[in-house]
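Working notes for the structure below.
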Amino acid sequence: MDHDRNPLPRTKHLLAQSKEVSFERLNGPEQVHLGFTDREDEMRVVFVAGDGGERVVKYGEEEDEVRQVAATAAERYQVEDMCDGPANQSVGWRDPGFIFNGVMTNLKKGKRYYYKVGSDSGGWSPTYSFVSRNEDSDETVAFMFGDMGTATPYRTFIRTQDESISTLKWILRDIEALGNKPAFVSHIGDISYARGYAWIWDNFFNQIEPVASKMAYHVCIGNHEYDWPQQPWKPEWAAYAKDGGGECGVPYSLRFKMPGNSSFSTGTRAPATRNLYYSFNMGSVHFVYFSTETNFLQGSAQYKFLEHDLENVDRKKTPFVVVQGHRPMYTTSNEIRDTPLREKMQQHLEPLLVKNNVTLALWGHVHRYERFCPLNNFTCGEIDSSGPKQGGYPVHVVIGMAGQDWQPIWEPRPEHTDLPIFPQPKRSIYRGGEFGYTRLVATKKKLTLSYVGNHDGEVHDTVEILATGEVFSGSGSASGEKTEFPDTVLEGGMASPIFSQFVKGGSVLLLGAFVGYVIGFVSRSRKETPASGNSWLPVKTEDS
């Protein structure tokens with residue numbers, strides 16, 4: 001049965017078997033998407049073609065003069081590389097074609113470039129464009145989310161994610177508003193939700209192409225790309241199951257090519273799992289990605305990478321640091337299976353984040369939005385009596401609300417788990433179940449993360465973090481263009497008590513004035529009501 005309890009297309013008795021179904025010859029390359037390399041003057045492009053013949057990238061600064069040429073390399077994977085069903089069974093396997101990647105080099109800073117991919121014999125893609133990174137600019141723009149998936153225009157064997165259509169629609173709106181400013185997308189795990197059904201990957205990349213062909217599309221691995229019964233690192237306390245549908249990270253590893261060279265053996269004939277941990281700079285922000293599905297404990301290769309990377313950030317160049325992984329270190333959803341894993345992350349990784357003054361920690365996996373106070377060991381940050389604390393407390397934000405529609409409940413009261421009452425702990429500042437994405441905008445003075453809802457495209461929550469450490473917490477304005485912040489400033493993570501008293505006093509005065517106005521208005525209205533005994537006030541008159 002599939003996820004909606006429909007029977008899968010299998011027979012009890014095999015009657016006949018066809019020849020292997022091959023990849024249809026395409027009119028030209030498809031599934032085009034961009035990515036950063038380790039150099040700021042480069043941009044990588046990845047695409048799919050139906051055969052392994054030679055393909056190139058042509059690019060330039062004028063749309064009708066794409067004369068610079070970059071070579072490409074091709075890779076592919078076979079059904080024998082899959083680790084379990086349905087990925088290695090006929091019900092799930094489809095030929096993925098050939099995956100090409102090439103690098104456009106010597107790009108000028110902050111310039112718009114035009115490019116196309118393909119060959120004369122195999123056909124050409126349309127001409128796309130992007131804006132290159134500019135290391136001289138301190139401005140950063142990124143669109144960030146997790147767990148989006150894809151929507152198919154047909155019924156298939158597994159549930160797909162219709163909300164992904166709205167997420168991409170609003171991001172495209174924001175891209176158009178950017179003009180010639182560089183930006184990128186960050187998708188932190190649970191990418192396509194193919195789960196062993198290969199054509200879902202094709203559908204996903206075709207769906208994101210209008211965005212991913214315009215700017216770098218960066219990812220980190222999630223449980224639905226990787227987890228399988230025989231995965232090589234599988235401690236008893238981790239809730240690793242078979243969420244990857246037998247893919248064991250192979251499509252993820254070959255269809256994306258992220259910076260760095262991280263890899264981890266699958267222990268099978270399948271190629272090593274790649275794109276596990278890496279980092280790059282964009283404007284005033286240093287972005288770090290890591291894997292929650294492979295070894296992150298102290299002493300592991302991944303831990304050593306994180307330790308070295310965070311300790312060597314140039315805070316004069318990038319005053320803000322954003323760390324991203326799939327499974328959250330903190331959540332108030334009732335996700336009890338991952339409790340032991342979260343405890344290990346808090347034990348091994350949280351001290352690194354605090355010691356190195358990480359600004360934001362972004363997570364997916366839980367299909368909701370939730371923002372926490374600056375946090376360490378379940379405690380909102382504070383200034384010790386002896387002076388400022390060592391390091392800074394990261395603001396943790398769960399952003400797995402981009403498309404997947406399975407929603408866990410929030411944590412119920414421990415003594416009444418059977419009742420639908422879900423108290424919100426003090427550390428949880430804002431939480432909601434609305435689909436959407438986040439928009440990060442930063443300069444060297446401040447970083448702003450805004451939560452945009454899919455139902456209206458407006459900003460519903462915002463956090464602003466200054467380079468000096470103060471954290472402002474608020475919600476978006478009705479226009480979605482300007483962010484309004486309430487009069488609460490968090491200094492090192494805690495609200496200033498003196499300032500809070502002023503706010504409380506002012507609130508009481510405003511409330512009193514408002515109540516007095518209402519009482520006076522009602523009294524006056526009663527006096528002006530005609531003597532007919534009608535006590536109703538007109539809602540609409542001919543004059544209005």
Side-chain angles (χ1 to χ4, degrees), residues 33-34 140-151 160-178 181-193 204-205 207-220 222 224 282 285 287 289 322-326 328 331 360-372 395-407 430-442 447-464 474-477 479-481 483:
H33 55 103
L34 299 172
T140 307
V141 179
F143 305 102
M144 318 183 83
F145 53 83
D147 306 73
M148 184 174 73
T150 186
T160 54
Q161 295 74 42
D162 289 344
E163 276 293 330
S164 61
I165 297 172
S166 295
T167 300
L168 292 171
K169 177 186 74 173
W170 294 119
I171 290 175
L172 277 169
R173 172 204 61 180
D174 291 348
I175 292 173
E176 293 300 320
L178 280 176
K181 292 182 179 180
F184 75 97
V185 170
S186 185
H187 187 162
I188 55 174
D190 287 4
I191 311 297
S192 72
Y193 284 97
F204 170 81
F205 280 108
Q207 184 177 347
I208 69 166
E209 187 179 273
V211 169
S213 61
K214 292 181 172 69
M215 59 182 54
Y217 198 102
H218 279 263
V219 293
C220 66
H224 286 294
M282 175 73 165
V285 184
F287 293 93
Y289 295 76
V322 177
V323 171
Q324 299 157 90
H326 182 60
T331 178
L360 273 176
L362 301 179
W363 316 100
H365 195 57
V366 175
H367 307 143
R368 294 175 182 263
Y369 173 86
E370 183 170 24
R371 176 170 59 85
F372 292 87
V395 174
H396 291 257
V397 189
V398 177
I399 57 172
M401 67 296 179
Q404 175 58 261
D405 60 1
W406 183 82
Q407 298 273 14
Y430 185 104
R431 64 186 191 183
E434 170 66 28
F435 292 105
Y437 61 98
T438 61
R439 186 169 59 212
L440 183 149
V441 179
L447 179 151
T448 302
L449 186 75
S450 302
Y451 164 39
V452 181
N454 276 357
H455 74 283
D456 59 4
E458 306 289 356
V459 173
H460 293 274
D461 181 55
T462 301
V463 61
E464 184 179 83
S475 58
S477 69
S479 69
E481 299 295 329
T483 302

Checklist line | Worked check of side-chain contact (heavy atoms from CB on, under 4.5 Å) between Asp174 and Val141 | finding: CA-CA 10 Å; Asp174 291 348; Val141 179; over 6 Å; no
Notebook entry, point to check: Got Arg173 and Val452 here, is their nearest side-chain heavy-atom distance under 4.5 Å?
Noted result: yes
Notebook entry, point to check: Can you list the steps and then say if Glu163 with Asn454 is a side-chain hydrogen bond (donor to acceptor under 3.5 Å, both in side chains)?
Noted result: CA-CA 8 Å; Glu163 276 293 330; Asn454 276 357; 3.0 Å; yes
Item checked: From CD1 (Ile171) to CD (Glu176), nearest 0.5 Å -> 13.0 Å
Margin query: To the closest 0.5 Å, what do you measure between OG (Ser450) and CD (Glu464)?
Written below: 9.0 Å
Note to self: Strictly distance-based, threshold 3.5 Å: is any side-chain N or O of Asp147 a donor or acceptor partner for the main-chain N or O of Met401?
What the structure shows: no
Check: For the atom pair CG (Asp162) and CG (Asp405), what is the distance rounded to the nearest 0.5 Å?
Finding: 8.0 Å
Checklist line | Considering all heavy atoms, the nearest Val398-Pro328 contact | finding: CG2-CB, 4.0 Å
Check: Can you find a heavy atom in the side chain of Glu434 that is under 4.5 Å from one in the side chain of Tyr451?
Finding: yes
Item checked: Ring centre gap for Tyr369 and Tyr430 strictly below 6.0 Å -> yes
Item checked: Value rounded to 0.5 Å, distance of CG in Leu362 from OG in Ser186 -> 7.5 Å
Next item on the list: Give me the ring orientation class for Phe145 and His187: parallel if the planes are under 30° apart, tilted from 30 to 60°, perpendicular past 60°.
Entry: tilted
Notebook entry, point to check: Mind checking whether Ile208 and Val185 have side chains closer than 4.5 Å, heavy atoms only?
Noted result: no
Checklist line | Any Phe287 side-chain heavy atom under 4.5 Å of Met144 side chain | finding: yes
Notebook entry, point to check: Given side chains that start at C-beta, do those of Val395 and Leu449 come closer than 4.5 Å, heavy atoms only?
Noted result: no
Note to self: So Thr462 and Arg371, do their side chains get closer than 4.5 Å, heavy atoms only?
What the structure shows: no
Next item on the list: Measure across Ala212 and Tyr217 and return the closest heavy-atom pair with its distance rounded to 0.1 Å.
Entry: CB-CD1, 3.8 Å
Checklist line | Where Ile188 and Gly325 come nearest, the two heavy atoms and their spacing | finding: CD1-O, 3.8 Å
Item checked: Minimum heavy-atom distance between Phe143 and Ile175, given as atom pair plus value -> CE1-CG1, 3.9 Å
Next item on the list: Go through His326 and His224 one step at a time and tell me if the ring pair (Phe, Tyr, Trp, His ring centres under 6.0 Å) criterion holds.
Entry: CA-CA 10 Å; His326 182 60; His224 286 294; 7.8 Å; no
Checklist line | Test side chain to side chain contact (heavy atoms under 4.5 Å, CB included) applied to Thr150 and Phe205, Phe204, Tyr193, the passing residue | finding: Phe204
Margin query: Is there a side-chain contact between Asp190 and Gln404 in this structure, where contact means two heavy atoms from C-beta onward sitting under 4.5 Å apart?
Written below: no
Notebook entry, point to check: Would you say His396 and Thr331 make side-chain contact, with heavy atoms under 4.5 Å?
Noted result: no
Note to self: Main chain of Met148, side chain of Ser164: is a donor-acceptor contact present, judged purely on distance under 3.5 Å?
What the structure shows: no
Notebook entry, point to check: Which heavy-atom pair separates Cys220 from Tyr289 by the least distance, and what is that distance?
Noted result: CB-CD2, 4.0 Å
